[in-house]
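Read the structure below first, then the notes.
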Amino acid sequence: LDDALSPQELLARGLALFEEMRNVDSEKTLSRAMADGQQPPLSPVDRCAAAFHVAQSVFKQRDRPRAAPLFDDAAKVCERAMEKAEGAERERAADLRVKSLYQGGRCHAARGEARIAASLFSLAEKEHAAHSYADDARLRQEEIYEAAAQKKAGEAKDDKALPVTPAEA
């Protein structure tokens, strides 16, 4: 049945599956909508929406590490869409870009990639200061820096507690 659907119909179906929380199915359907060679291809803003929802489908499957590069890709796709779109379509792409940056930051943090996560949160806040995600991005970035400072302080404390040589033990 899906073989006969256009990319636009696949996008609509994938988004419906996403809303029904059928995340594995939505990931597959939306990925097909974006596949190279699909005719007619999705518009840049629809491609942005599909890319974001593929990543979010993986995120909702609780596979944060696998979602990280998907959100990175979605942020790039949405940035290109913003450059080509105007008005409400540009706003839609901008909204999905900031959400991609933010969710990507969360996923990179889950992978233990604190620097990448902090830079994504910073970029989300900087590029989209008026967006509702900007404050949360700033808080998440501060949490990362605070955790890094605590870890560094803990390591310094541990270094002092350990004997320098076995003879000192």
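This structure is a prediction, so every number in the text was calculated from the model and none was measured. These numbers come from the heavy atoms of this one structure, side chains and all, not from hydrogens, waters or symmetry mates.
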Q | From CA spacing to verdict: side-chain contact (heavy atoms from CB on, under 4.5 Å), Glu143, Glu146 | A | CA-CA 5 Å; Glu143 288 171 359; Glu146 190 175 296; 5.6 Å; no
Q | Any side-chain donor near an acceptor of the partner, Gln141 and Arg138, under 3.5 Å | A | no
Q | salt bridge (Lys or Arg N to Asp or Glu O under 4.0 Å) against Glu19, all qualifying residues, sequence neighbours excluded | A | none
Q. Do Arg64 side-chain atoms and Phe59 backbone N/O form a donor-acceptor pair below 3.5 Å?
A. yes
Q: Dump the intermediate steps for side-chain contact (heavy atoms from CB on, under 4.5 Å) on Gln61 and Glu27, then the final yes or no.
A: CA-CA 10 Å; Gln61 292 172 48; Glu27 176 190 358; 3.0 Å; yes
Q. Which pairs with one or both residues in residues 38-54 pass salt bridge (charged side-chain N to carboxylate O under 4.0 Å, His left out), sequence neighbours excluded?
A. Asp46-Arg92
Q: Using the test side chain to side chain donor-acceptor pair (under 3.5 Å), find all partners of Glu91 that sit at least two apart in sequence or belong to another chain.
A: none
Q) In Å, rounded to the nearest 0.5 Å, how long is the span from NZ of Lys99 to CZ of Phe52? A) 6.0 Å
**Q.** Greater than 12 external heavy atoms within 6.0 Å of Glu86's CD
**A.** no
Q.
For residues Tyr102 and Met82: do they belong to one hydrophobic cluster (side chain heavy atoms under 4.5 Å, members Ile, Leu, Val, Met, Phe, Trp, Tyr)?
A. no
Q | Pairwise side-chain contact, His131 with Asp95, heavy-atom cut-off 4.5 Å (strictly under) | A | yes
Q: Would you please name every residue forming a salt bridge (Lys or Arg N to Asp or Glu O under 4.0 Å) with Arg90, sequence neighbours left out?
A: none
Q. What distance separates Cys107 SG from Arg66 CZ, expressed to the nearest 0.5 Å?
A. 11.0 Å
Q. Same hydrophobic cluster for Ile116 and Leu123, using side-chain heavy-atom links shorter than 4.5 Å among ILVMFWY?
A. yes
Q) In Å, rounded to the nearest 0.5 Å, how long is the span from CZ of Arg13 to CG of Leu30? A) 11.0 Å
Q: Under the salt bridge (Lys or Arg N to Asp or Glu O under 4.0 Å) rule, collect the residues that match up with Lys28, sequence neighbours excluded.
A: none
Q) Are Phe121 and Tyr133 grouped together when hydrophobic residues (ILVMFWY) are joined by side-chain heavy atoms under 4.5 angstrom apart? A) yes
Q) Do any N or O atoms from the side chain of Ser122 and from the backbone of Ala118 form a donor-acceptor pair under 3.5 angstrom? A) no
Q: Spell out, yes or no, whether Val54 and Leu42 are grouped together once hydrophobic residues are joined by side-chain heavy atoms under 4.5 Å, including indirect joins.
A: yes
Q. Between the main-chain N or O of Ser26 and the side-chain N or O of Thr29, is there a donor-acceptor pair closer than 3.5 Å?
A. no
Q | Lys60 side, atom NZ; Gln103 side, atom CD - distance, nearest 0.5 Å | A | 9.5 Å
Without placing hydrogens or testing angles, list every side-chain donor-acceptor pair under 3.5 Å for residues 68-81, not counting sequence neighbours.
residue: Asp72; atom: OD1; partner: His108; partner atom: NE2; Å: 3.1
residue: Asp72; atom: OD2; partner: His108; partner atom: NE2; Å: 2.8

